[in-house]
Amino acid sequence: QVQLVESGGGLVQAGGSLRLSCAATGRTFSTYAMAWFRQAPGKEREFVAGIRWSGGITSYADSLKGRFTISCDKAKNTVYLQMNSLKPEDTAVYYCAAVQMGGSWYSPDYWGQGTQVTVSS
């Protein structure tokens, strides 16, 4: 099992920035990638960004490229999501996710509990 704990969410004004963190514990050696998803009220959960532990290969939702940056610190088993130029439509619960070897970061194996991000206009 892999446990994921997100932090860093909160209330921010439009145009502001936030950095989310996700600390992974447990059988992290069985995972090869991490990802961030988000779910806004009344909408389906959507992929935000993903990163491989090794090599730092990343992938982003097209609509978020240029504003959001995913990164990781393998030594700390922690993944980050830097969010800049935030918009009210970025308001959502943001979830950290972990992908086991052979899996897809669009369909992760483990999920965090989520952290609320609210962007005021």
Side-chain angles (χ1 to χ4, degrees):
Q1 289 287 344
V2 176
Q3 294 78 41
L4 304 171
V5 179
E6 302 101 331
S7 60
L11 175 64
V12 64
Q13 289 189 332
S17 299
L18 278 177
R19 189 177 82 153
L20 305 182
S21 299
C22 172
T25 58
R27 297 172 60 87
T28 57
F29 61 86
S30 68
T31 64
Y32 88 103
M34 300 287 288
W36 287 96
F37 286 71
R38 69 183 185 182
Q39 187 167 20
K43 295 187 177 181
E44 294 186 354
R45 190 173 298 187
E46 63 175 351
F47 174 80
V48 172
I51 186 168
R52 292 186 183 181
W53 286 120
S54 178
I57 297 172
T58 59
S59 177
Y60 293 92
D62 288 342
S63 61
L64 300 175
K65 287 180 180 178
R67 293 196 300 122
F68 288 18
T69 302
I70 189 170
S71 61
C72 67
D73 186 334
K74 187 64 173 78
K76 296 181 179 180
N77 284 332
T78 299
V79 63
Y80 306 97
L81 184 68
Q82 178 67 44
M83 305 183 293
N84 298 328
S85 302
L86 283 163
K87 306 174 182 179
E89 51 263 44
D90 293 319
T91 294
V93 177
Y94 284 71
Y95 295 92
C96 175
V99 186
Q100 286 188 318
M101 297 293 183
S104 166
W105 53 26
Y106 300 108
S107 183
D109 301 283
Y110 303 100
W111 294 90
Q113 80 287 354
T115 186
Q116 177 70 46
V117 171
T118 303
V119 184
S120 63
S121 57

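Considering only residues two or more places apart in sequence or on other chains, K65 meets the side-chain hydrogen bond (donor to acceptor under 3.5 Å, both in side chains) condition with D62. Under the rule for a side-chain hydrogen bond (donor to acceptor under 3.5 Å, both in side chains), W105 has no partner lying at least two apart in sequence or in another chain. Qualifying side-chain hydrogen bond (donor to acceptor under 3.5 Å, both in side chains) partners for E89, counting only residues two or more places apart in sequence or in other chains: none. For Y95, the side-chain hydrogen bond (donor to acceptor under 3.5 Å, both in side chains) test picks out no residue, with sequence neighbours left out.
Screening residues 80-121 for disulfide bond (SG atoms under 2.5 Å apart), with sequence neighbours left out, gives C22-C96. Among pairs with a residue in residues 90-102, those fulfilling salt bridge (charged side-chain N to carboxylate O under 4.0 Å, His left out) read R38-D90, R67-D90, at least two apart in sequence or across chains. Screening residues 31-78 for disulfide bond (SG atoms under 2.5 Å apart) gives no qualifying pairs among residues at least two apart or on separate chains. Residues in residues 4-17 take part in these side chain to side chain donor-acceptor pair (under 3.5 Å) pairs, two or more places apart or across chains: E6-Q113, S17-N84. The list of salt bridge (charged side-chain N to carboxylate O under 4.0 Å, His left out) pairs with a residue in residues 68-86, not counting sequence neighbours, is empty.
Note that the CE atom of M83 and the CZ atom of R19 stand 11.5 Å from one another [nearest 0.5 Å].
Cluster membership for V12 and L20, using ILVMFWY side-chain heavy atoms within less than 4.5 angstrom, is shared. Transitive grouping of hydrophobic side chains (ILVMFWY, heavy atoms separated by less than 4.5 Å) brings V93 and F47 into a common cluster. Taken together through direct or relayed side-chain contacts under 4.5 Å among Ile, Leu, Val, Met, Phe, Trp and Tyr, V99 and V79 form parts of separate hydrophobic clusters.
Summarising the geometry of M34 relative to A24, their closest heavy-atom pair is CE-CB, 4.3 Å, with the distance given to 0.1 Å.
Taking 4.5 Å as the limit, some side-chain heavy atom of L64 sits within range of a side-chain heavy atom of V48. The closest side-chain heavy-atom distance from L4 to W111 is not below 4.5 Å.
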Please tabulate, for the side chains in residues 114-121, all donor-acceptor contacts under 3.5 angstrom to protein atoms that are two or more places apart in sequence or on a different chain.
residue : atom : partner : partner atom : Å
T115    : OG1  : G9      : N            : 3.3
Q116    : NE2  : A92     : O            : 3.4
Q116    : NE2  : T118    : OG1          : 3.3

For residues 50-60, dump all side-chain donor-acceptor pairs below 3.5 Å to protein atoms at least two apart in sequence or in another chain.
residue : atom : partner : partner atom : Å
W53     : NE1  : T31     : OG1          : 3.1
S59     : OG   : Y106    : OH           : 3.2
Y60     : OH   : I70     : N            : 2.8

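Looking at Q100, Q1, R27 one by one, the single match for side chain to side chain donor-acceptor pair (under 3.5 Å) with Y110 turns out to be Q100.
Residue Y80 shares its hydrophobic cluster (ILVMFWY side chains chained together at separations under 4.5 Å) with no other residue.
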